[in-house]
Amino acid sequence: MSKINKLGYKIAVSGVVVVLLWIGFFKFTPSEAVGIKPYVENHFLMSWMYKVLSVQIVSNIIGLFEIIVGIGLIWSLFKPQVGKIFGWASVVIFGTTLSFLLTTPGINKIIDGVPATDFFVLKDIMALGISLMVVYNEAGLVEK
């Protein structure tokens, strides 16, 4: 991998880390706990959580997972063997977030004749791609 590719890779992974840590810590706030409720309660893999846990505890668990994965991605930059584990974990996070586009009622709409959605979710397309790069690159499959 060329020096510029390595630099670009590290910048891209660092961007995903910033997003995971920032949003992960934000999940511990009451505002974010309430904010994610419509997404989580309508998701076929996550809705059960509100039957056994409070809105804040669900948000805290999700946030803790995001923080752990963010730290793991940082670790993967120094210890490539962990990249496969934390790369796949971030694929789960961003794949789940993108699936909210299909599971959350009212998320997709037409505004002034243009299809629109909750655009903050769309950033996860890039994060998903970078997560897959971590899996691929840190699994030792890239030329040295």
Side-chain angles (χ1 to χ4, degrees), residues 1-109 111 115-144:
M1 189 184 311
S2 73
K3 287 183 181 183
I4 194 72
N5 282 348
K6 286 180 183 179
L7 177 62
Y9 174 78
K10 288 178 180 179
I11 291 170
V13 173
S14 297
V16 171
V17 167
V18 167
V19 167
L20 285 171
L21 293 178
W22 194 345
I23 293 174
F25 282 111
F26 193 51
K27 293 281 191 302
F28 287 85
T29 67
S31 298
E32 180 66 356
V34 171
I36 67 169
K37 189 172 186 267
Y39 302 100
V40 175
E41 74 184 351
N42 287 293
H43 197 276
F44 62 97
L45 294 176
M46 300 176 79
S47 60
W48 64 270
M49 295 169 69
Y50 289 127
K51 292 181 174 92
V52 295
L53 301 167
S54 72
V55 170
Q56 187 62 59
I57 296 296
V58 169
S59 188
N60 292 355
I61 290 169
I62 294 168
L64 182 61
F65 185 64
E66 291 170 339
I67 292 165
I68 290 169
V69 172
I71 292 168
L73 290 176
I74 294 169
W75 187 19
S76 78
L77 293 173
F78 302 98
K79 187 148 175 92
Q81 301 86 333
V82 302
K84 191 169 187 178
I85 295 164
F86 290 102
W88 278 119
S90 63
V91 166
V92 169
I93 289 171
F94 297 117
T96 301
T97 304
L98 286 167
S99 72
F100 292 152
L101 293 169
L102 303 173
T103 62
T104 306
I107 196 169
N108 299 304
K109 45 200 157 273
I111 300 174
T117 190
D118 287 355
F119 291 109
F120 77 92
V121 174
L122 296 180
K123 72 172 176 349
D124 291 350
I125 295 170
M126 291 174 285
L128 178 61
I130 294 166
S131 299
L132 289 169
M133 288 173 59
V134 170
V135 170
Y136 180 77
N137 289 336
E138 302 304 341
L141 302 173
V142 173
E143 295 177 31
K144 300 290 181 202

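These numbers come from a predicted model, not from an experiment. For reference, positions follow the sequence shown, starting with 1.
- Taking CD1 of I93 as the reference point, atom CG of L98 lies at 12.0 Å (rounded to 0.5 Å).
- The side-chain contact (heavy atoms from CB on, under 4.5 Å) test applied to T96 returns H43, M46, V92, S99, F100, not counting sequence neighbours.
- Interatomic distance, CG of L7 versus OG of S2, reported as 9.5 Å (0.5 Å rounding).
- Minimum heavy-atom separation, V17 to G70: CG2-O, 3.6 Å.
- The shortest non-hydrogen separation linking W48 to L45 is NE1-O, 3.0 Å.
- Of all the heavy atoms in G83 and V134, the pair that sits closest is O-CG1, 3.3 Å.
- Heavy-atom minimum distance, F86 versus I68: CE2-O, 3.8 Å.
- No more than 12 heavy atoms of other residues, nucleotides or ligands lie within 6.0 Å of CD1 in I4, so this atom counts as exposed by the packing criterion.
- F120 meets the ring-ring contact (aromatic ring centres under 6.0 Å, His included) test with Y39; sequence neighbours excluded.
- Annotation: salt bridge (charged side-chain N to carboxylate O under 4.0 Å, His left out) contacts of K109 (sequence neighbours excluded): D118.
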Item to complete: Show your reasoning for whether side chain to side chain contact (heavy atoms under 4.5 Å, CB included) applies to Y50 and K37.
Response: CA-CA 9 Å; Y50 289 127; K37 189 172 186 267; 3.8 Å; yes
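- Here the CG-CZ distance, from D124 to F94, works out to 5.5 Å after rounding to the nearest 0.5 Å.
- Distance check: N60 CG to E32 CD gives 11.0 Å after rounding to the nearest 0.5 Å.
- Contact of the V13 side chain with the Y9 side chain is registered, since non-hydrogen atoms from C-beta on lie closer than 4.5 Å.
- Side-chain atoms of T104 never come within 3.5 Å of backbone atoms of I107 as a donor-acceptor pair (strictly under, hydrogens ignored).
- Evaluation of the side-chain contact (heavy atoms from CB on, under 4.5 Å) rule for N42 yields P105 as partners, not counting sequence neighbours.
- For the atom pair CG of L20 and CG of L73, the computed distance is 6.5 Å after rounding to the nearest 0.5 Å.
- Taking both residues in full, the closest heavy atoms of I111 and A116 are given as CD1-CB, 3.8 Å, listed atom of the first, atom of the second, then distance.
- Counting only distance, with no hydrogens or angles, the side chain of S131 and the backbone of G87 share no donor-acceptor pair below 3.5 Å.
- The side-chain contact (heavy atoms from CB on, under 4.5 Å) search around K10 returns L77, not counting sequence neighbours.
- Taking all atoms of both residues into account, the shortest heavy-atom contact from E41 to S47 is O-CB, 3.2 Å.
- Taking OG of S90 as the start and CE of M133 as the end, the distance is 11.5 Å to the nearest 0.5 Å.
- For the pair S59 (side chain) and K27 (backbone), a donor-acceptor distance under 3.5 Å is present.
- In this structure I71 satisfies the side-chain contact (heavy atoms from CB on, under 4.5 Å) test together with L21, I67, sequence neighbours excluded.
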